Amino acid sequence: MVLAGPTAVGKGTVADYVREHHPEVWLSVSATTRRPRPGEVEGQHYHFVDDVEFDRLLAQEDLLEWAVVHGRARYGTPRRPVELALEQGRPALLEIDLQGARQVREAMPEALFVFLEPPSWEVLVDRLVGRGTESPEEREVRLATARTELACVDEFDRSIVNDDVARAAEELVHLMVDPSHQKEA
Ligand code: 5GP
């Protein structure tokens with residue numbers, strides 16, 4: 001399953017909830033060139049790599065998809081761990097951005113694509129501004145990106161409204177484990 005959605009909708013928080021409460025779900029650990037934030041654990045939240053290492057992953061075609069997010073750092077999904085999880089029949093979750101989701105759709109069209117939506121545009125703006133970690137210019141860039149990203153909901157198989165993290169995460173896990181929601185292979 002691929003979980004995508006606009007900037008600051010809370011994809012990471014929903015994924016954290018799944019990581020904590022649903023050990024039966026395998027979560028992909030992305031490689032990224034951005035610096036770790038306080039509390040982030042190498043190998044658990046991300047594999048933190050430098051540009052040279054990221055170039056090496058690309059050259060070896062080790063990434064299932066990759067993208068430059070917010071024009072800053074590179075992020076990518078290591079391919080082999082995803083294949084292993086699928087071979088083991090584990091429910092597998094990729095929390096990635098929209099550009100990455102499109103690449104996975106090319107590579108693995110049988111995946112279920114879920115779009116996480118904010119309860120409203122106002123809530124999304126509040127979340128973007130509330131986080132307070134971006135400069136005004138960067139906030140504008142992110143809002144513009146979010147506007148474009150919100151319009152992409154129709155590309156997805158399902159959408160889930162992130163009105164409450166636990167509720168949205170449970171809906172997501174339910175979609176993953178209930179065979180009636182799987183797509184035809
Ligand atoms: P953050 O830096 O806040 O952890 O993540 C920023 C954005 O990068 C989020 O939208 C997240 O979904 C996206 N992202 C995280 N890992 C990957 C990845 O492996 N590939 C892609 N394409 N996007 C990712």
Side-chain angles (χ1 to χ4, degrees), residues 1-20 25-51 53-58 60-86 92-108 111-118 124-125 127-135 138-139 141-153 155-156 159-160 162 165 168-169 172:
M1 174 182 283
V2 173
L3 178 66
T7 300
V9 73
K11 297 187 296 281
T13 315
V14 168
D16 283 342
Y17 181 97
V18 174
R19 190 180 288 115
E20 201 172 316
V25 174
W26 178 82
L27 272 117
S28 168
V29 180
S30 299
T32 182
T33 58
R34 86 150 161 75
R35 297 272 176 80
R37 296 193 187 116
E40 285 183 331
V41 178
E42 160 62 34
Q44 185 183 333
H45 296 95
Y46 284 104
H47 297 291
F48 296 99
V49 300
D50 58 17
D51 276 310
E53 174 66 7
F54 203 95
D55 285 342
R56 197 183 60 78
L57 293 173
L58 283 178
Q60 293 182 179
E61 300 190 353
D62 283 346
L63 300 178
L64 177 62
E65 60 73 36
W66 73 279
V68 176
V69 180
H70 305 313
R72 259 198 326 234
R74 291 186 288 176
Y75 296 78
T77 303
R79 180 196 305 277
R80 193 62 197 132
V82 177
E83 290 170 351
L84 277 176
L86 295 177
L93 180 63
L94 272 58
E95 182 261 294
I96 58 179
D97 88 322
L98 207 65
Q99 312 164 70
R102 289 187 179 128
Q103 294 169 48
V104 178
R105 195 185 305 112
E106 293 294 312
M108 294 183 171
L112 194 66
F113 293 86
V114 175
F115 190 84
L116 194 65
E117 287 190 278
L124 188 64
V125 173
R127 285 183 187 163
L128 267 173
V129 175
R131 199 152 62 176
T133 50
E134 293 88 21
S135 67
E138 186 166 328
R139 195 183 307 151
V141 171
R142 287 193 168 211
L143 279 175
T145 308
R147 234 173 261 125
T148 315
E149 288 175 340
L150 266 182
C152 298
V153 60
E155 295 176 27
F156 285 74
S159 74
I160 292 179
N162 190 16
V165 171
L172 186 78

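Numbering of ligands and ligand atoms starts at 1, following listing order. Computed from a predicted model, the values in this text were never measured in an experiment.
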Give the atoms of ligand 1, by number and element, whose distance to some non-hydrogen atom of R34 is under 4.0 Å. 1 (P), 2 (O), 4 (O)
In plain terms, say whether D97 and K11 are close enough for a salt bridge, that is, a side-chain N and a carboxylate O under 4.0 Å apart. no
When you check the gap from the basic side-chain N to the acidic O, do R79 and E61 get nearer than 4.0 Å? no
If you measure every N/O of S30 against every N/O of ligand 1, is any gap under 3.5 Å? yes
Does Q103 come within less than 4.0 angstrom of ligand 1, counting non-hydrogen atoms of the residue? no
Of all the heavy atoms in E65, does at least one lie under 4.0 Å from an atom in ligand 1? yes
Residue-level breakdown please: for R102 versus ligand 1, do any non-hydrogen atoms fall below 4.0 Å on the side chain, on the backbone, on both, or on neither? neither
Does an N or O from W66, backbone or side chain, lie closer than 3.5 Å to an N or O of ligand 1? no
Looking only at heavy atoms, is any part of D97 under 4.0 Å from ligand 1, and if so is it the side chain, the backbone, or both, or is it neither? both
Logged contact type for K11 with ligand 1, heavy-atom cut-off 4.0 Å, is side chain
Residue pairs meeting salt bridge (Lys or Arg N to Asp or Glu O under 4.0 Å), one or both in residues 26-35, sequence neighbours left out, come to R34-E40
What's the verdict on side-chain contact (heavy atoms from CB on, under 4.5 Å) for H45 and S30, showing C-alpha distance, side-chain angles and the deciding distance? CA-CA 8 Å; H45 296 95; S30 299; over 6 Å; no
4.0 Å heavy-atom contact, G76 with ligand 1: yes
Interfacing atoms of ligand 1 (cut-off 4.0 Å, heavy-atom, A67): 22 (N)
Closer than 4.0 angstrom, basic N to acidic O: yes or no for R105 and E65? no
Would you say E149's side chain and T7's backbone share a donor-acceptor pair under 3.5 angstrom? yes
Out of all atoms in ligand 1, which are within 4.0 Å of some heavy atom of G100? Include the element for each. 22 (N)
Residue that, paired with V14, satisfies side chain to side chain contact (heavy atoms under 4.5 Å, CB included) out of V114, L116, L93: L116
Below 4.0 angstrom from a heavy atom of V69, which ligand 1 atoms are there? Numbered from 1 as shown, please. 7 (C), 8 (O)
Can you list everything that forms a ring pair (Phe, Tyr, Trp, His ring centres under 6.0 Å) with F113? Sequence neighbours excluded, please. none
